[in-house]
Amino acid sequence: MSQTPTLELRNLEVAYTVRGIDRQVLRDVSFSIAPGEAYGLVGESGCGKSTAAFAAMRYLPRNGKITNGSILFEGKDIVDINEDAVAALRRSAISMVYQNPATALNPTIRIGKQIAEVFELNGVSSSDAMMMAEQALTRVQIADPARVLRRYAHQLSGGMAQRVVIAMALASNPRLLVMDEPTTGLDATVEAEVLDLVRELRRDTGTAVLFISHNLGVIRNMCDRVGVLYAGALVEQGATADLFSNPSHPYTVGLLRCIPRGGLHKSTDRLDTIPGTPPALGTKFDGCVFAARCSLADDKCRSQLPQMVTINGAHVARCFHSDKASSLPRSVEQIEYAPQVTGHATKVGDTLLDISHLSKVFTQDGHKVRVINDVSLTLGVGETLGLVGESGSGKTTIAKLLLGLTPPEEGGVVTLDGKGLAKTLNRRDVADVGAMQIVFQNPDQALNRRHSVTRIVSRAVERLRKFSLAAAIARAHELLSGMRVDASLHNVRPVQLSGGLKQRVAISRAFAGAPQIVVCDEPTSALDVSVQAAILNLLVDLQKQDKTSFIFISHDLGVVRYISDRIAVLYLGRVVEFGTSQRVFSGPFHPYTEALLSSVPNIDGSTRKRIPLTGVVPSPSSPPSGCVLNPRCPRKAGSGYETLCETEEPNLNEVEPGHFMRCHIPMAKLKQLQS
C-alpha cells in the first residue's frame with residue numbers, strides 16, 4: 001500500500017498578471033514529497049523555484065494566480081479552499097524558512113515574543129508560550145536561550161537569526177517544511193549545523209521538506225530526490241545520487257559543469273558556463289524551453305515540446321537528446337576589451353601590497369573591542385589572496401582598512417607599490433583611490449539606481465582617469481562590452497538588469513580607474529552557479545590581461561580554492577593559517593581550517609568526516625585566554641598541549657617554507673591527529 005504524499009503538485013500552472021497580461025511562470029509542473037522525505041528544487045534565478053514554494057503555501061503575490069492543475073496536501077486539494085482554511089494550514093501544518101532572516105524577523109519585537117506568538121496562535125497561554133519558546137531555541141541548539149529570548153533581531157548573528165527563524169517554523173510541528181535558500185550567506189560551519197538540524201528533525205518528526213537552493217553541494221547532501229526547473233518547466237527529476245552522477249538534460253549538465261569542484265584551480269582549469277541568459281517572464285515557446293541556449297538543439301527541439309523520457313527507474317528528463325547530454329560541448333566566455341594603459345612597471349610576482357601590524361579597535365557599549373589583532377600580509381602583482389573565516393573573523397574589516405574606509409590603529413602600515421598609503425580615503429590622492437577598488441557583494445546597493453549603466457561607469461573613468469566626458473563614455477562602452485554587457489543595455493538603469501549583469505557592471509566600474517588591486521567582497525555569493533562561473537572566468541581573464549591583483553573574500557571555500565593563489569584563514573581578528581591555496585587545502589591543517597573544510601558539502605557525494613566546532617564564537621570584547629580557539633578547538637583534548645593552549649597565545653610561525661600557522665600543536669602531531 002503506497003503512502004499518501006505530504007505534498008503533491010499535479011500539472012500545476014501559475015501566471016503573474018503584468019500590465020493586464022497573464023504571463024506564465026510555472027508550466028505543467030508535477031512532483032510529490034513523501035512524509036520524511038527531502039525534495040530539492042534547483043535552477044537559475046527566475047526559473048520558478050520560489051513561485052512553486054509560494055504556490056504550495058497558497059501564498060502567491062496579489063498578481064499571481066493558479067491557472068491549472070492541483071496542489072494536494074496529504075491527499076486534499078488546497079487550490080480552492082477559503083482563506084480561513086489556508087490560515088489554519090499555515091498555523092499548524094505548513095511552515096516556511098525564508099532566505100533572509102533579517103527580513104523574516106520583526107526588528108521592533110523581542111525574539112521571545114515573536115516565537116511565543118506562534119504557540120499563542122495555537123491556543124497556548126502567554127506564560128506557557130514563553131516557556132515553549134525557550135525550549136524551541138534549545139531544540140535548534142542555541143546556547144543560552146533565555147538571554148537570546150530578550151534580544152532583538154539586530155543583536156543576532158546571521159546563523160543565530162536563521163536558527164530563530166527555523167525555531168519559529170518548527171514551533172507548530174509542521175508536516176511540511178518549505179526552505180527557500182535557507183543557508184545562503186551563512187558560514188560553512190553554521191550551514192553544516194543548520195543542515196544537521198534539519199536532518200535530525202526529519203528523522204525525529206517525519207516532516208517532509210521542500211528544499212530550494214542554488215547551492216548544488218547542499219542539495220546533493222540534503223535531498224533524497226531533486227527536480228531541475230528551467231523557465232518554469234520541470235526538465236529533469238530523479239533520485240539525487242542518480243541525477244548528479246548521470247545528468248541527462250543539457251541544462252542539468254551545464255549547471256553541474258559550472259561548479260568549481262575540489263582540486264580545480266584557475267591556473268590550469270577554466271570553468272564552463274551556460275551561454276545566453278534565461279528567458280524573460282512569460283515567454284511563449286513552440287518547442288523545448290531550453291532550445292535557445294542548448295548547443296544540441298535542432299529544428300525538432302525548436303518546434304516540438306519534448307515529453308519526459310525515462311532514464312533509469314524514476315529518473316526522467318524532458319529532452320529529445322537525453323542520450324547525448326553528457327557529450328554537451330564546453331562553453332566558456334572571454335573578455336574582449338583593450339588592456340588598461342598604466343605607468344606601472346612592476347613584474348608579476350613582485351610584492352605589490354604590504355600590510356604590516358594592522359590592528360583595529362572599536363568602542364562598543366563603552367568597552368574597547370579589538371576586532372583586528374596585529375595582521376601582517378603581502379600581496380604580489382597578478383596574485384589573488386583569499387580571506388576566509390566565519391562571520392566576525394575580521395575579513396571585511398581588513399578590506400575597509402586597506403581601502404581607507406576605516407583608519408587602522410597606530411603602528412599599522414599599508415604600503416602599495418613601495419608607497420605608504422594615508423590611513424583614510426579622504427587623505428589619499430586620486431591615483432591612490434583609483435589604484436585600489438572594490439566589488440561589493442550586493443550590486444543592487446552598490447549601483448546608483450537613478451543613473452544609466454553608461455553613466456555609472458563613465459563617471460568613474462572621468463574622475464579616476466581624468467578623461468574628457470566623450471573619452472570617458474567611449475571607455476565605459478568598451479569596458480561594458482568587454483564584460484559581455486550587450487550594447488542594447490548600456491543606457492538602461494540597473495533595475496532593468498539581472499543579478500549577474502549588475503555584477504558585471506559593478507566590475508566594469510571597479511576597473512574604470514585602471515586599478516592595481518581589486519577587493520572582491522563576496523562577489524558571487526548571491527549568484528546562480530552559471531553566473532558565478534562566468535564572473536570567476538571574467539576575473540581570471542582580467543587578472544591575466546591587466547596583471548591585476550585581487551583580495552577575494554568569501555565563505556564559499558570551493559570558489560576561494562579555485563581563484564586564490566594564497567589563502568589567509570582568519571579567526572577572531574587573527575591570521576591562524578597562511579599559505580598557498582594548494583598547501584592550505586591539502587593538510588595537515590590548523591584545527592580551525594580543518595573544521596571549516598570538513599563542513600563543506602561535496603558535490604560528488606563523497607563523505608568527509610565532520611570535525612565540528614563546539615560552542616559559540618567568543619566575542620572580541622572578551623576573547624579567551626591563551627589560544628583564542630581553545631574553547632572550541634577539536635584537536636586540543638588529548639594533544640598533550642592543553643595547558644599551553646589555555647594559557648599562552650601562540651605566534652604565527654612558519655611551519656614549512658611559505659606556510660604559516662598559529663598553533664601550539666606541532667605539525668607532526670596535527671598530521672597524526674588528522675589522519
Short question: side chain of [X], backbone of [Y] - any donor-acceptor pair under 3.5 Å?
X      : Y      : answer
His590 : Arg662 : yes
Ser248 : Asn246 : yes
Arg10  : Gly69  : no
Glu642 : Gly640 : yes
Thr240 : Arg220 : no
Gln114 : Ile111 : no
Glu646 : Asn630 : no
Asp77  : Val79  : yes
Arg58  : Ile78  : yes
Ser245 : Asp242 : yes

*Apply the test side chain to side chain contact (heavy atoms under 4.5 Å, CB included) to residues Asp556 and Asn215: give CA-CA distance (whole Å), side-chain angles for both, the deciding distance (0.1 Å), then the verdict.*
CA-CA 10 Å; Asp556 189 327; Asn215 188 325; 5.5 Å; no
*Could you go through the side chain to side chain contact (heavy atoms under 4.5 Å, CB included) check for Ser172 and Ser95 one step at a time?*
CA-CA 8 Å; Ser172 59; Ser95 292; 3.4 Å; yes
With a 4.5 Å cut-off on side-chain heavy atoms, are [Y] and [X] touching?
X      : Y      : result
Gln237 : Tyr39  : yes
Glu236 : Tyr230 : no
Pro5   : Leu72  : no
Ile166 : Leu177 : no
Tyr59  : Arg90  : yes
His249 : Val228 : no
Leu210 : Phe31  : yes
Cys663 : Pro591 : yes

What are the two closest non-hydrogen atoms of [X] and [Y], and how far apart are they?
X      : Y      : value
Val575 : Ala568 : CG1-CB, 4.5 Å
Val529 : His214 : CG1-O, 3.5 Å
Ala52  : Leu41  : CB-CD1, 4.0 Å
Asn122 : Val118 : ND2-O, 3.2 Å
Pro247 : Phe244 : CD-O, 3.7 Å
Arg199 : Asn221 : NH2-O, 3.4 Å

Quick one: [atom1] on [X] to [atom2] on [Y], what's the gap to the nearest 0.5 Å?
X      : Y      : atom1 : atom2 : answer
Leu536 : Leu264 : CG    : CG    : 11.5 Å
Cys258 : Gln532 : SG    : CD    : 9.0 Å
Cys645 : Lys636 : SG    : NZ    : 7.0 Å
Ile603 : Leu256 : CD1   : CG    : 6.0 Å
Phe589 : Lys671 : CZ    : NZ    : 11.5 Å
Cys633 : Ile665 : SG    : CD1   : 5.0 Å

Who pairs with [X] by salt bridge (charged side-chain N to carboxylate O under 4.0 Å, His left out), at least two apart in sequence or on another chain?
X      : value
Arg261 : none
Glu120 : Lys113
Arg257 : Asp272
Arg574 : Glu649

*Would Glu193 and Arg610 satisfy side chain to side chain contact (heavy atoms under 4.5 Å, CB included), going step by step from the backbone distance to the final call?*
CA-CA 10 Å; Glu193 290 167 4; Arg610 173 94 186 282; 3.5 Å; yes
*Report the residues that fulfil side chain to side chain contact (heavy atoms under 4.5 Å, CB included) with Ile611, sequence neighbours left out, ordered by chain and then residue number.*
Glu594, Ser598, Lys609, Pro634, Arg635
_Test: ring-ring contact (aromatic ring centres under 6.0 Å, His included). Region: residues 93-119. Which pairs qualify, not counting sequence neighbours?_
none
*Evaluate whether atom CD of Gln674 has more than 12 neighbouring non-hydrogen atoms of other residues, nucleotides or ligands under 6.0 angstrom away.*
yes
_Looking at Arg147, I want to see if its CZ is surrounded by more than 12 non-hydrogen atoms of other residues, nucleotides or ligands under 6.0 Å._
no
*Tell me, with the steps shown, if Leu271 and Tyr562 meet side chain to side chain contact (heavy atoms under 4.5 Å, CB included).*
CA-CA 10 Å; Leu271 298 175; Tyr562 172 76; 3.7 Å; yes
*Would you check if there is a donor-acceptor pair between the side chains of His555 and Glu390 at a distance under 3.5 Å?*
no
